[in-house]
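Notes for the one structure printed next.
When a residue number appears, it is its place in the shown sequence, counting from 1. Excluded from the calculations below are hydrogen atoms, water molecules and symmetry mates; all remaining heavy atoms, backbone and side chain alike, are included. Note that this is a predicted model, so its numbers are computed, not measured.
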Amino acid sequence: MTRTGTTQASLRRALRREVPSTVGLLADEHDFTTMRQYRTFAFDDHTTYLRQVEALLRTLATQGGHTTVTLFDPEEYAAYCAETAIDPDHPTSRSRFTAHLAATGAHVTYTGQPLSTLLPELVDTAVRHATWEYATTVLAGAGDCATCGKDIGRAAFERAARLLARLLDAAGGGTHHLVCSVPAADDQLLAVLHADGTTQPVGVDDAPAAEFTAVLAAGIVLGAPGGLVLRTSTPGDRDRLHGWRLTGGTLTPLTEAEVFAAYCTDARTGEPLSPEPGVDHRAGFALTLDPDDDWTTHH
């Protein structure tokens, strides 16, 4: 090979490292089986498919480029092909859809983690993304208040942010794990937030806090009978569980008995569960807002 040829090959390899890669992954066997309807889809075994995907990811990593992985949904793919008038039974169409997902959907960066770690991370990211989209759609479609003229969605988000700030401030020191659950249509919106009470309160410009606030705000707008639970861990002490009911645009404290019942009852069967050792079930504490901050008066 000539020196010029070697230089050109090196330049191409260098350029390849600056081109990002995206892999659309069929995470579960049901989605994989759905894709087998397409003649050009080369795989007939999900286990083999996952093994080959992992090998591809490792190869891309050795080339030094940036690789992201996104969740490939066959139903969304079929809808996308219909909307864009492209043939779903063609590799180029799958590649085009994957690029679309990388720009608009949930994705994670491949850093060499095994597929057993990557898959749960990807699914969790996709669920959070869908939750965020649903919650923000609820807020955007809420309209203006007939009484005060304010944007209801924005007002609900601001109120939810104040509730979260007051809750974290009242919770004090320790590591806090918060879960907000809001029924919506045929699904359940669920948001999780971790916060350290020894540092500055979490701001809503932080993505997880914004997602949590949006779900709480969606519950306020929908008037849904949601709930929020807080678990606080402090080194050398027992964990503390508190709970609130979302009602009337605010968080109403649950009693100690209600918190115990919520944690010690099987949600599917209604059967009692044994209390978790090392955990105290406590009533929720009151969250004091400004006297004129009355959601029911204006919304």
Side-chain angles (χ1 to χ4, degrees), residues 9 11-137 140 186-187 189-192 207-208 210-211 214:
L11 289 174
R12 283 195 297 270
R13 285 195 296 271
L15 185 60
R16 177 66 186 85
R17 288 194 292 270
E18 298 192 24
V19 177
S21 300
T22 304
V23 176
L25 178 60
L26 295 160
D28 64 66
E29 195 153 3
H30 174 75
D31 287 346
F32 176 85
T33 301
T34 301
M35 288 303 294
R36 289 188 61 198
Q37 68 181 296
Y38 300 117
R39 179 185 54 82
T40 57
F41 186 71
F43 295 91
D44 56 13
D45 176 75
H46 191 226
T47 301
T48 300
Y49 163 80
L50 291 177
R51 188 163 55 243
Q52 291 300 320
V53 168
E54 189 163 26
L56 171 62
L57 291 172
R58 288 198 298 266
T59 299
L60 291 172
T62 62
Q63 296 174 356
H66 178 81
T67 302
T68 57
V69 185
T70 186
L71 203 61
F72 196 104
D73 186 307
E75 292 184 5
E76 289 185 19
Y77 173 62
Y80 175 81
C81 290
E83 291 171 3
T84 55
I86 59 176
D87 180 10
D89 199 357
H90 198 285
T92 301
S93 300
R94 292 193 287 273
S95 177
R96 181 173 165 180
F97 177 64
T98 299
H100 167 75
L101 289 177
T104 62
H107 55 270
V108 300
T109 301
Y110 178 71
T111 58
Q113 65 269 50
L115 217 57
S116 58
T117 300
L118 180 64
L119 279 174
E121 180 184 1
L122 181 59
V123 171
D124 178 67
T125 301
V127 170
R128 285 176 50 200
H129 181 78
T131 299
W132 167 257
E133 285 196 331
Y134 187 96
T136 53
T137 298
D186 298 326
D187 207 348
L189 295 181
L190 193 69
V192 177
E211 293 166 6

Closest non-hydrogen atom pair, [X] against [Y]:
X: A135; Y: A214; value: CB-O, 3.7 Å
X: A27; Y: H46; value: O-CE1, 3.4 Å
X: A61; Y: Y110; value: CB-CE2, 3.8 Å
X: L50; Y: L115; value: O-CD2, 3.5 Å
X: F72; Y: G24; value: CB-C, 3.9 Å
X: E54; Y: P114; value: OE2-CA, 3.5 Å

Check whether any side-chain N or O of [X] sits under 3.5 Å from a backbone N or O of [Y] as a donor-acceptor pair, and report yes or no.
X: D87; Y: H90; result: no
X: T70; Y: H107; result: no
X: Y77; Y: P88; result: yes
X: T109; Y: T68; result: no

May I have the list of side-chain donor-acceptor pairs in residues 30-38 shorter than 3.5 Å, sequence neighbours left out?
unit_1, atom_1, unit_2, atom_2, d
T33, OG1, E29, O, 2.9
T34, OG1, H30, O, 3.0
Q37, NE2, T34, O, 3.0

Who pairs with Y80 by ring pair (Phe, Tyr, Trp, His ring centres under 6.0 Å), at least two apart in sequence or on another chain?
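Checked Y80 against ring pair (Phe, Tyr, Trp, His ring centres under 6.0 Å); matches are F97, H100.
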
When rounded to the nearest 0.5 angstrom, what distance separates [atom1] in [X] from [atom2] in [Y]?
X: D73; Y: L101; atom1: CG; atom2: CG; answer: 8.5 Å
X: D45; Y: Q52; atom1: CG; atom2: CD; answer: 10.5 Å
X: R128; Y: L190; atom1: CZ; atom2: CG; answer: 12.0 Å

Classify the side-chain pair R94/T40 by whether it contains a donor and acceptor separated by less than 3.5 Å.
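Judged by distance alone, the side chains do pair up.
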
Considering only heavy atoms from C-beta outward, does the side chain of L26 approach that of P74 to under 4.5 Å?
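Result yes, sub-4.5 Å side-chain heavy-atom pair found.
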
Got V53 and V69 here, is their nearest side-chain heavy-atom distance under 4.5 Å?
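Heavy-atom side-chain distance check fails, nothing below 4.5 Å.
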
Students often mix this up, so state it plainly: with edges at 30° and 60°, are the rings of F43 and Y49 parallel, tilted or perpendicular?
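Taking Y49 first and then F43, their aromatic rings stand perpendicular (interplane angle over 60°).
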
